[in-house]
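The analysis underlying the following values was restricted to heavy atoms, covering all of them including side chains, and did not include hydrogens, waters or symmetry mates. As the structure lists them, so they are numbered: ligands from 1, and atoms in each ligand from 1.
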Amino acid sequence: MRAAELGANVLTLEQHHRVGGSANTAGGSISGTGFRAQIAAGIEDSPEKFYEDFVAMGGEENMNTEIAMVHAQRSGEAIDWLEDYVGVEMSDQVDTGGYLTMNTNRVTYSASGASSGGGLYFVNALMDKLQGFIDQGTAQLALEAMVTDLVLDENKDVLGVVVDGLEIKAPSVIIATGGYGYSEKWLKEFNFTNITSNDPPTAIGSGYDFARAAGAAFDNMNYSSCYGGSVPVSGFQASLRANINYPGAVWVDQAGLRMFSEPDATSMDKRTVWRTAKDNIVYVVVAENMIKDDAPLFTGMMSNSAPFTTQEKLVELEDQGYVFKAGSIQALAEMLKMPELVQTMETYNKDVAAGKDSVFGREKDLAAFEGPVYAVYTVPYLMMTAGGPRINGEAALVREDGSVVQNVYIAGEIIGSANIAGHNTIGGIGHGLCATWGRIAAENAVKNAGK
Ligand SMILES: Cc1cc2nc3c(=O)[nH]c(=O)nc-3n(C[C@H](O)[C@H](O)[C@H](O)COP(=O)(O)OP(=O)(O)OC[C@H]3O[C@@H](n4cnc5c(N)ncnc54)[C@H](O)[C@@H]3O)c2cc1C
């Protein structure tokens, strides 16, 4: 969009039958600093403060410090541009955006807010604006046009792309193909033993293959954030979530050991528990006395919205082998071949009686396990990947030897949130990467095309 605004002739190639990718199902948050709504709310902020939050929450050693500072500097104007130029309807709400709390409120929302559907406001406005350029003849959009390769010269610099075996040459190429959150192969190669995805099937990570072919270096590929509690009833496609904070529940790993003071876990702690558990398998254990009709133990995700009760789902999942029900902890431990579970729960029950968890200091929600017990088999799910090819402040791909791949720029999730903000998740970073780096990539691609 920014390239068309700057006067370039733009060809957009989209593998799917509609544009928008993850934003079609995403929430509407976006983060930045110095944008109008933040100033209007009287919030004092600066790129330096944004950068300091990246360092404090994500670790400077994990970041590409050059692009982190550029992101901090240019993220605010990108939000204003979305509203003023593209015409995205925005709310005036500004807050911390959940996840890890930044020191300053700098997350805002499209007009429909944080919930699913907010991302469509970005997609629809961008599509309307692009249509204007298509109508005036300076932009083209090809749907169901899968790019399979880059066209490279002998130095592995970029000359164009390949679609359907056809080489399309261009003075500049922008790769905005998203993350690899729907590539089970990549997720298992780099990040997880067991994983499910709440990404749309468009997030196949092909841009990573393109960047690799051009010799780009990669950073933070071994890091990916995730959410806990997916019950993998639909294989890789996440469709059912256990309520991991169910009152009274404890989490145990495959050895039968607890991992955290469950009710005190921040959203980041929960991600870490599921990311680092052996084989990414965590059992959510509850007892019959804890299950209440008005507190659902399971929630459907994405395509799975048919109503069900907790008891119905427990029976169904037991049949499918995702719930293990036993008359006692001993019987459950035998069923799961988890001898340590007996000791874990004996200690826990004693601690409950004493009113203090001696292992993790849990004080909230201490409830004795009585009656039949249930262990729900869960793995993580994700909505976004965090590693990506190395770039410089102009969004150009960089190789391990520091040389810049010519004529190609990247934007969006493929940049990798960890390369900007380290090992954490902050609200609105996904859309922030699209808007901020979409503009930077386009500006440099246009400049490069005119040289
Ligand atoms: C359920 C959900 C909720 C989310 N909520 C938020 C939120 O509230 N705030 C936030 O900041 N982030 C959120 N995110 C993350 C955010 O939506 C994404 O990071 C962002 O939309 C990624 O945009 P992108 O354009 O980089 O990639 P994508 O959205 O993946 O788009 C890439 C596009 O490129 C196309 N493509 C891929 N490969 C090829 C190829 N080889 N040839 C042609 N076309 C190709 C794809 O079909 C797709 O349309 C959420 C994500 C999900 C899944």
Does any N or O of ligand 1 fall below 3.5 Å from an N or O anywhere on [X], backbone included?
X	answer
A203	no
C434	no
D199	no

With heavy-atom distances below 4.0 Å as the criterion, list the atoms of ligand 1 near [X].
X	result
T202	37 (C), 46 (C), 47 (O)
G21	29 (O), 31 (O), 48 (C), 49 (O)
G28	8 (O)
A176	32 (C), 33 (C), 34 (O)
G412	26 (O)
A145	42 (N), 43 (C)
L13	43 (C), 44 (N)
V147	40 (C), 41 (N), 42 (N), 43 (C)

Checklist entry - Taking C-beta and beyond as the side chain, do V147 and F210 meet within less than 4.5 Å on heavy atoms? => result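 Yes. Closest side-chain heavy atoms under 4.5 Å.
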May I ask which of [options] has a heavy atom nearer to [atom] than the others do?
atom	options	result
atom 32 (C) of ligand 1	T177, V123, I426, V162	T177
atom 49 (O) of ligand 1	M301, E14, M146	E14
atom 37 (C) of ligand 1	R18, H431, Q15	Q15
atom 40 (C) of ligand 1	S206, G427, G179	S206
atom 1 (C) of ligand 1	M384, M383, H16	M383

Checklist entry - Who pairs with R275 by side chain to side chain donor-acceptor pair (under 3.5 Å), at least two apart in sequence or on another chain? => result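 R275: no side chain to side chain donor-acceptor pair (under 3.5 Å) contacts found.
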Measure the acute angle between the ring planes of [X] and [Y], then classify it against the limits of 30° and 60° as parallel, tilted or perpendicular.
X	Y	result
H423	Y223	parallel
H71	W437	parallel
Y377	Y322	tilted
Y51	F54	perpendicular

Examine ligand 1 and decide if any of its atoms is less than 4.0 Å from a heavy atom belonging to [X].
X	result
G119	no
N198	yes
G20	yes

Checklist entry - Looking only at heavy atoms, is any part of I429 under 4.0 Å from ligand 1, and if so is it the side chain, the backbone, or both, or is it neither? => result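 For I429, only backbone atoms sit under 4.0 Å from ligand 1.
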Tell me yes or no: between the side chains of [X] and [Y], is some donor less than 3.5 Å from an acceptor?
X	Y	value
N64	N419	no
S230	W274	no
S206	D209	no
R106	T33	no

Checklist entry - Can you list the residues that meet the side-chain contact (heavy atoms from CB on, under 4.5 Å) rule with D294, with sequence neighbours excluded? => result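 Partners of D294 under the side-chain contact (heavy atoms from CB on, under 4.5 Å) test: K292.
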Checklist entry - With distance as the sole test, does N194 use its side chain to make a donor-acceptor pair with the main-chain N or O of N280 at under 3.5 Å? => result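 The answer is no, because no donor-acceptor pair under 3.5 Å joins these two groups.
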